[in-house]
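For reference, the structure is listed below as structure tokens.
Proteins come first, then strands; the chains are lettered A, B, ... in the order of their sequence lines, and each starts at number 1.
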There are 2 protein chains.
Amino acid sequence: MQSPVPHELPIYRRIADRLRQAIQAGEFHDGDRLPGENALMAEYGIARATARQALSVLINEGVAVPRRGSGVYVRQFRPIRRHGSRRLSRERWGTGRAIWDGDTAGRPYTVDELEIAREPAVDEAARVLGCAEVWVRRRRYSVDGRPVQLAASCFPAELVEGSPVTRPDTGPGGVYARLRDLGHAPAHFTEEVRARMPAPEERDRLGLSAGTPVIVVCRTAFAAGGEAVELNTMIMDAASYVLQYDFDA
Amino acid sequence: MQSPVPHELPIYRRIADRLRQAIQAGEFHDGDRLPGENALMAEYGIARATARQALSVLINEGVAVPRRGSGVYVRQFRPIRRHGSRRLSRERWGTGRAIWDGDTAGRPYTVDELEIAREPAVDEAARVLGCAEVWVRRRRYSVDGRPVQLAASCFPAELVEGSPVTRPDTGPGGVYARLRDLGHAPAHFTEEVRARMPAPEERDRLGLSAGTPVIVVCRTAFAAGGEAVELNTMIMDAASYVLQYDFDA
DNA sequence: GAGTGGTCTAGACCACGAC
DNA sequence: TCGTGGTCTAGACCACTCC
């Protein structure tokens, strides 16, 4: 049977809409199993590919997550709150309370896949840092055993050569304290925030399922003299993060 | 023929990867037409559904955009730079200039679908603003004729009742200048940034193609006394925006 | 072993855009 | 009119999960 009546939504969209509404209405909770392909085929009398198409809508929206050999499940969302400018904490603003309370504060980060190398500067790094070679610190952050962020920090090679910045253990206070020791303490930051779908490599390294965007934060640290001393590109699982920025009028 | 040899990527993924690399290598430029379903079927000797699946990978990644009756094209990316902290400085709205002037780098914007209503406060608005009723200003912004942002500003109903905030034309300096007139000038802002795939209604109103996330910015404005005076939820086409935040160490 | 999602084939009719 | 993408059917074999 050929169905598509012109002025109506296609079957797979209607099924997807109905499932989405059921989720929002609380008929399915986070982590619940949704009707599978076979169930949809039986319930609506449709072909396998059509049932798959309906589920793929929800999967590509990030509403549902498929598990091989098991089923399709409602996605869970437990964001980490990342403060851009922490010194302007919201406690100062008494009545103001966070809008998405992620009780995720205090969960420990782990760093794996740390990789440090001296490389030719490319693209933005060369332009922003104004140098031909950089030391790069690449690492992956995980929370609760799940990878959530890929980060790559670039420093002007001449500036940090021989310092702990080029070694795995940077000591207390991290690279910013070391930049300070070198007489180039960061005094100002600029962060650029974008969102997009991940490249395949990013999807693999972050263990992202379909329908999960990444937030790309590109932070430049400037010393008091105005010269850029670090360019840090962070790629975050959008389902794991809420970024918070505070500033005065 | 049944293909999936365990240790290899499926055909459709290999085709998608190859096309993606060709795009990144500059073989296809922004707006170029990619090989269509028929071309892929012929080139690789595959079924229609498999060719579609390969193209759908790129489409869901936001790399390509399908056009009915025409073909599949490489997506174009022309972001608007939105300044988080600079644009909200008192110099801007204090002198009667619209905040949005600084956003679009000279490209003209339009506001359509403006809708103002007094409503019961729901969810976050009730909690953050601490009131039972709010005035809501909903609008859609377009740049170059393309919708790029949906925004909904909530104000405590008692606070703004009878003021220009409840009317379409808010006068010079916009709602922040009017809040100042009411003795509740915004002194501090908190912005929460998230990214996710759009709901169907958002996708329609913003004219988003598949594979385009939205950036959700939830901004709370606080008066000097610490009370929240506005909650503004902005939903932006992620392909049209770069958010910039500046702050000192 | 039964059930699930993942991949693939080989057809079909439709709406739309370009010519 | 013809080619394009959009939707749909009715099968198939596979790898994986759960029992």
Side-chain angles (χ1 to χ4, degrees), chain A residues 1-19 28 31-60 63-75 200 203-204 207-211, chain B residues 1-17 19 31-60 63-75 200 203-204 207-211:
Chain A
M1 204 197 322
Q2 295 317 105
S3 45
V5 183
H7 297 305
E8 287 182 10
L9 282 175
I11 296 178
Y12 77 96
R13 286 271 271 127
R14 291 206 302 268
I15 296 173
D17 288 351
R18 198 193 275 205
L19 285 173
F28 299 99
D32 278 2
R33 188 178 183 283
L34 293 172
E37 298 175 357
N38 294 332
L40 293 180
M41 289 168 68
E43 184 178 354
Y44 293 96
I46 54 175
R48 179 114 194 273
T50 308
R52 280 183 72 74
Q53 205 172 2
L55 290 171
S56 78
V57 169
L58 300 180
I59 290 166
N60 280 321
V63 171
V65 177
R67 282 190 226 154
R68 231 198 174 97
S70 175
V72 178
Y73 296 81
V74 179
R75 156 171 253 156
R203 212 196 49 230
D204 292 344
L208 303 177
S209 53
Chain B
M1 203 195 326
Q2 294 317 105
S3 46
V5 182
H7 297 305
E8 286 182 12
L9 283 176
I11 297 178
Y12 77 96
R13 286 269 271 126
R14 292 207 301 268
I15 296 173
D17 288 351
L19 286 173
D32 278 1
R33 188 179 184 280
L34 293 173
E37 299 176 356
N38 294 331
L40 293 180
M41 290 168 67
E43 184 177 352
Y44 294 95
I46 55 176
R48 181 112 193 275
T50 308
R52 279 183 73 73
Q53 204 172 3
L55 290 171
S56 78
V57 169
L58 301 179
I59 291 166
N60 280 321
V63 170
V65 178
R67 281 190 227 154
R68 231 195 181 111
S70 175
V72 179
Y73 296 82
V74 179
R75 158 172 249 155
R203 210 196 50 231
D204 292 344
L208 302 176
S209 53

### Task
Report yes if some heavy atom in the side chain of B/Ile46 is under 4.5 Å from a heavy atom in the side chain of B/Ile15; otherwise report no.
yes

#### Entry: Least distance between heavy atoms, B/Tyr12 atom then B/Thr50 atom
CB-O, 3.9 Å

### Task
Under the salt bridge (charged side-chain N to carboxylate O under 4.0 Å, His left out) rule, collect the residues that match up with B/Asp17, sequence neighbours excluded.
B/Arg13, B/Arg20

### Query
Can you find a side chain N or O atom of B/Arg52 that sits less than 4.0 Å from OP1 or OP2 on D/dG6?
yes

#### Entry: Selection: residues 31-46 of chain A, any non-hydrogen atom under 4.0 Å of DNA chain D
A/Ile46

### Contact check, side chains of A/Val65 and A/Ile59, non-hydrogen atoms, under 4.5 Å
no

### Length of the OH-P vector between A/Tyr12 and D/dG6, whole Å
8 Å

### Validation row: B/Arg75, B/Ser209 side chains within 4.5 angstrom (heavy atoms)
yes

## Note on the structure
Quick note, B/Pro10 side chain, CB onward, closest among D/dT9, D/dC8, C/dC8 is C/dC8

### Query
Over how many whole Å does the gap from A/Arg48 atom CZ to C/dC8 atom C1' extend?
11 Å

### Query
Can you name the nearest heavy-atom pair linking B/Ser70 to B/Tyr73, along with the distance?
OG-OH, 2.6 Å

### A/Leu55 CG to D/dC8 P, straight-line distance once rounded to whole Å
14 Å

### Message
Just the rounded figure in Å: distance from P of C/dG5 to CD of A/Gln53.
### Response
16 Å

#### Entry: Set of residues satisfying salt bridge (charged side-chain N to carboxylate O under 4.0 Å, His left out) with respect to B/Arg33, sequence neighbours excluded
none

For nucleotides 17-19 of chain C, print each protein N/O atom paired with a nucleotide N/O atom at under 3.5 Å, atom names and distance only.
unit_1 : atom_1 : unit_2  : atom_2 : d
C/dG17 : O4'    : B/Arg68 : O      : 3.4

### Message
So for the helix from C/dG1-D/dC18 to C/dA18-D/dT1, with five pairs setting each end axis, what is the inter-axis angle to 10°?
### Response
10°

### Task
Starting from C1' on D/dC8, measure out to CD1 on A/Ile11 and report it in whole angstrom.
8 Å

### Task
In whole angstrom, give the distance that lies between atom CG of A/Leu9 and atom C1' of C/dA15.
15 Å

#### Entry: Closest heavy-atom pair and its distance - B/Ala54, B/Ala16
O-CB, 3.7 Å

### Pair B/Leu55-B/Leu19, side chain to side chain contact (heavy atoms under 4.5 Å, CB included): steps then yes or no
CA-CA 9 Å; B/Leu55 290 171; B/Leu19 286 173; 4.2 Å; yes

### Message
I'd like to check A/Pro35 versus A/Tyr44 (side-chain heavy atoms, cut-off strictly below 4.5 Å). Are they in contact?
### Response
no

### Pairs meeting criterion salt bridge (Lys or Arg N to Asp or Glu O under 4.0 Å) with involvement of residues 47-60 of chain A, two or more places apart
A/Glu37-A/Arg48, A/Glu37-A/Arg52

